[in-house]
Every structure is written in structure tokens, then in C-alpha cells.
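Each remark here refers to the structure printed beneath this line.
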Amino acid sequence: MKKLFDRVFWLYVGLGFLNYFFCSAVMLVFRNLVKLPETACLIIAFVLQTGISFVLNRFVTFRGIELARSWPLKFVCSISVCYLVAKVLLRDVFAMLVELPFFVNLTELVRAFVAKGMEPAAFRNNLVMLACTFTYCVINYLGQRYFVFRPAKRSQT
């Protein structure tokens, strides 16, 4: 457990927050100033965030690690799996969970203190989006740390 929350973890988290905020700002500029459709803005943000994540993780977070030749392909596979699991497969699960009576009551209580003017359904949709994003980040970290940027095995010849 101690290795999971080491310097690499905190560096990944810090750079990830910076990347997230930068790409979200770019997405909002394209949405509100350029007036692109929401789907186009999300795609732009996802591609930009993935590219920046790749560069930061390869050259900052996991620098100095000798990697296998297959790491670019592993990166694409890892990002694809993270996206499919968190934003496609689990989205419906999270959406069903927030509609259960317990979560409806809980979200109403939280909404009363946090976002009084927001419609209940919109608030629950935001919670689903946050749950998907958090899940994506966790799976992405594990995939990049233990699959993509895992040190190459040296042949013993």
C-alpha cells in the first residue's frame, strides 16, 4: 500500500489536476466562445487531455524508466479500456445507483447545502459524471503505472 501512494502517485495526481483544469478551460472556450457542439468540445478535450497526459507521464512522472518497445500501443490500449469501462460501461450503473431511494434522499440533502438552485436530476447527472471521471482517473493511473510505464524486463542472455 505504501508503494501505491509514493512520489510517483502524488506527481501523477498533481499533474493530472493541472491537465484536467487546462483541458476543461480549453473545452469551455470552444463551447462558449467558438460555439462548437458539446460532443465536439468533449472530443477535443479528451484528445488534448490524452496527449498531454501521455507527454507528462512519459517524460515527467515515469521518467528514467527503461520501457518495452510496445509502450505506445499499451498507452492507446490502456486509455481505450479506461474510457470504455468508466465512461461507457459504468455510466449506466452509476446512473441507476443515484436513482435508488437512498441516493435520491442523500443527493437531495447534499443539494440543499451545495447547489440549492440546481434541479435534482441535473445534480444527480453531475454526480454520475464525477463518479465516471473519478473511476477513469483511478483505472488510468493503475493502467499507466503497472501496464504502460512498467519497466521493461531485461533479458538474461
Side-chain angles (χ1 to χ4, degrees), residues 1-58 60-62 71 73-150:
M1 190 64 135
K2 187 176 182 180
K3 183 178 179 183
L4 190 63
F5 296 106
D6 61 359
R7 180 197 68 80
V8 171
F9 172 80
W10 294 111
L11 188 57
Y12 180 88
V13 168
L15 292 173
F17 274 121
L18 292 174
N19 185 13
Y20 172 78
F21 287 119
F22 173 73
C23 293
S24 295
V26 169
M27 179 180 65
L28 292 173
V29 165
F30 276 108
R31 180 70 176 136
N32 295 310
L33 297 178
V34 181
K35 305 289 186 198
L36 287 179
E38 183 177 341
T39 303
C41 295
L42 289 170
I43 290 170
I44 289 168
F46 177 73
V47 169
L48 183 62
Q49 193 167 20
T50 300
I52 291 172
S53 172
F54 173 78
V55 171
L56 288 174
N57 288 323
R58 175 63 185 106
V60 179
T61 307
F62 301 106
W71 65 267
L73 179 60
K74 286 181 173 183
F75 182 81
V76 171
C77 290
S78 178
I79 292 293
S80 300
V81 167
C82 292
Y83 185 82
L84 287 173
V85 169
K87 308 244 175 163
V88 176
L89 298 176
L90 290 180
R91 186 180 190 335
D92 291 338
V93 172
F94 291 138
M96 288 185 336
L97 284 175
V98 298
E99 294 300 327
L100 293 174
F102 170 78
F103 285 107
V104 168
N105 293 334
L106 183 62
T107 57
E108 284 304 302
L109 180 66
V110 172
R111 188 178 69 84
F113 291 102
V114 176
K116 290 179 184 177
M118 187 179 283
E119 293 293 321
F123 185 73
R124 286 193 295 277
N125 286 340
N126 284 342
L127 292 178
V128 169
M129 189 171 60
L130 288 172
C132 289
T133 301
F134 178 77
T135 304
Y136 176 87
C137 290
V138 169
I139 296 169
N140 187 29
Y141 171 71
L142 294 172
Q144 289 195 38
R145 178 150 192 186
Y146 297 106
F147 177 66
V148 178
F149 295 111
R150 184 178 62 193

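The structure presented is a predicted model; accordingly, all values stated were derived computationally and were not measured. All residue numbers refer to positions in the sequence shown, counting from 1. Values below: all heavy atoms of this structure, side chains included; hydrogens, waters and symmetry mates excluded.
- Screening residues 24-53 for ring pair (Phe, Tyr, Trp, His ring centres under 6.0 Å) gives F46-Y83 as the qualifying pairs, with residues at least two apart or on separate chains.
- Here V47 pairs with I43 under the side chain to side chain contact (heavy atoms under 4.5 Å, CB included) rule; sequence neighbours left out.
- Among pairs with a residue in residues 10-29, none fulfils salt bridge (Lys or Arg N to Asp or Glu O under 4.0 Å), at least two apart in sequence or across chains.
- Applying the salt bridge (Lys or Arg N to Asp or Glu O under 4.0 Å) rule to pairs touching residues 14-27 yields nothing, sequence neighbours excluded.
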Can you give me every donor-acceptor pair (side chain of residues 90-105, partner residue at least two apart or in another chain, under 3.5 Å) with its distance?
| unit_1 | atom_1 | unit_2 | atom_2 | d |
| --- | --- | --- | --- | --- |
| E99 | OE2 | R124 | NE | 3.3 |
| N105 | ND2 | P101 | O | 3.3 |

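- Shown here are the side-chain hydrogen bond (donor to acceptor under 3.5 Å, both in side chains) partners of Y12, two or more places apart in sequence or in another chain: N140.
- F54 and F149 have tilted rings, their planes meeting at an angle from 30° to 60° on a 0 to 90° scale.
- Going from atom CG of N57 over to atom OH of Y141 covers 10.0 Å, rounded to the nearest 0.5 Å.
- To the nearest 0.5 Å, atom CG of residue L56 and atom CZ of residue F62 are 11.0 Å apart.
- Residue T61 comes nearest to L11 through the heavy atom pair CA-CD2, 3.6 Å, listed as atom of the first residue, atom of the second, then distance.
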Under 3.5 Å, sequence neighbours excluded: what are the donor-acceptor pairs made by side chains of residues 13-29?
| unit_1 | atom_1 | unit_2 | atom_2 | d |
| --- | --- | --- | --- | --- |
| N19 | ND2 | Q49 | O | 3.1 |
| S24 | OG | Y20 | O | 2.8 |

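- Using a 4.5 Å heavy-atom cutoff, the side chains of R58 and W71 are in contact.
- Sequence neighbours left out, not one pair with a member in residues 22-35 passes salt bridge (Lys or Arg N to Asp or Glu O under 4.0 Å).
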